[in-house]
Each structure stands twice: as C-alpha cells, then as structure tokens.
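Residue numbers start from 1 in every chain, and the chains themselves are labelled A, B, ... in the order their sequence lines are given, proteins ahead of strands. For clarity, every value in this text was computed on a predicted model and none was experimentally measured.
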Amino acid sequence: MAKRLGAQLFVSRLSTYITTKELEGLFSPFGVVTEARLITDPKTQRPKGFGFVTFQSEVEAQKALKALNCRMVNGRLIFVEVAKSEGPTQDASS
DNA sequence: GTTGAGCGTT
C-alpha cells in the first residue's frame with residue numbers, strides 16, 4: 001500500500017539526562033535518522049522523558065524499534081513504539 | 001544527578 005515518508009517512532013521511559021544526540025546515536029546504526037526530537041518542558045528545561053525519532057525508511061524504523069525496544073540505556077529500560085500521529089509504518093512488506 | 005506514564009512544536 002501507500003508508504004508514508006518518514007517512519008516516526010515514539011520513544012518513552014527515557015532518562016531525564018538524555019539528549020537528541022543520544023537518541024540519534026542509538027537509532028542511527030539501525031537506519032538513517034532524518035529527525036530526532038525530544039520533548040522538553042520550558043519551565044524546568046528538562047526533557048519530559050520521551051521523544052520521537054523519524055527514519056528515512058520504514059523497514060529501518062521497525063528494525064530499530066525491535067532493536068531498541070525494552071533496552072537498557074543509561075541504566076534505565078526504555079520503550080520504543082510506532083508513533084500515533086503521522087503515518088505509522090503500516091506497510092513493511094511490499 | 002529524581003523518577004514517573006506518556007504521543008511532540010512549526
């Protein structure tokens with residue numbers, strides 16, 4: 001079916017000390033990360049603990065998803081899932 | 001050095 005450009009992944013349970021570079025560095029080896037975003041609070045200027053990663057390929061996105069889901073980072077277990085908004089990786093088999 | 005369950009800002 002129609003493939004969406006940019007597979008977005010939702011990363012949660014991240015440590016408050018993580019940065020976009022950390023996410024980018026974690027997802028980069030699994031695929032081409034076109035966008036790495038962390039949600040931060042303007043009040044505390046600290047990451048909310050979750051973020052989003054956009055891949056150039058859906059296949060790479062799901063590969064990184066399985067690879068980094070339930071994985072220990074910074075001594076914490078993180079969870080990776082397909083993002084709600086935008087077009088998720090509905091089609092990985094052509 | 002604080003973790004916590006979640007879905008973000010064009």
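- Put simply, the residue from A:Q62, A:E35, A:Q8, A:E60 that forms a side-chain contact (heavy atoms from CB on, under 4.5 Å) with A:F55 is A:E60.
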**Study point:** A:D41 and A:R46: CA distance, side-chain angles, deciding distance, salt bridge (Lys or Arg N to Asp or Glu O under 4.0 Å) verdict
**Key:** CA-CA 6 Å; A:D41 262 346; A:R46 275 191 281 110; over 6 Å; no

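- Legend: residues meeting side chain to side chain contact (heavy atoms under 4.5 Å, CB included) with A:K63, ordered by chain and number and at least two apart, are absent.
- Residues satisfying the side chain to side chain contact (heavy atoms under 4.5 Å, CB included) criterion with A:F30, sequence neighbours excluded, are A:A64, A:A67, A:L68.
- Nearer the 5' end of DNA chain B, as judged by each residue's closest nucleotide, is the contact made by A:S15, out of A:L38 and A:S15.
- At the phosphate of B:dT9, neither OP1 nor OP2 sits under 4.0 Å from any side-chain N or O atom of A:R37.
- For the pair A:K84 NZ and B:dT9 P, the computed distance is 14 Å after rounding to whole Å.
- Listed by first and then second residue, the side chain to side chain donor-acceptor pair (under 3.5 Å) pairs that reach into residues 18-31 of chain A come to none, sequence neighbours excluded.
- As a whole-Å value, the separation of A:Q8 CD from B:dT10 C1' is 13 Å.
- Of the residues in residues 16-24 of chain A, those lying under 4.0 Å from DNA chain B by heavy-atom distance are A:T16, A:Y17.
- Remark on DNA chain B: of its neighbouring residues A:N74 and A:K48, the 5'-side contact belongs to A:N74, judged by nearest-heavy-atom nucleotide.
- Rounding to whole angstrom units, CD1 of residue A:I39 and C1' of B:dG6 are separated by 11 Å.
- Not counting sequence neighbours, the partners of A:L77 by the side chain to side chain contact (heavy atoms under 4.5 Å, CB included) test are A:M72, A:F79.
- Applying the 5.5 angstrom centroid cut-off and the 30 degree plane-angle cut-off, the aromatic ring of A:F52 is stacked upon the base of B:dG8.
- In this structure, the CG atom of A:L77 is 12 Å from the P atom of B:dA5, given to the nearest Å.
- The distance from atom CZ of A:F10 to atom P of B:dA5 is 12 Å, rounded to the nearest whole Å.
- One atom, CD of A:E35, and another, P of B:dT10, lie 13 Å apart when rounded to the nearest Å.
- The base of B:dC7 sits within donor-acceptor range of the side chain of A:E81, with an N or O pair under 3.5 Å.
- Using a 4.0 Å heavy-atom cutoff across all strands shown, A:R76 reaches sugar-phosphate atoms only and no base atom.
- Residues meeting the side-chain hydrogen bond (donor to acceptor under 3.5 Å, both in side chains) test with A:N74, sequence neighbours left out: A:S15.
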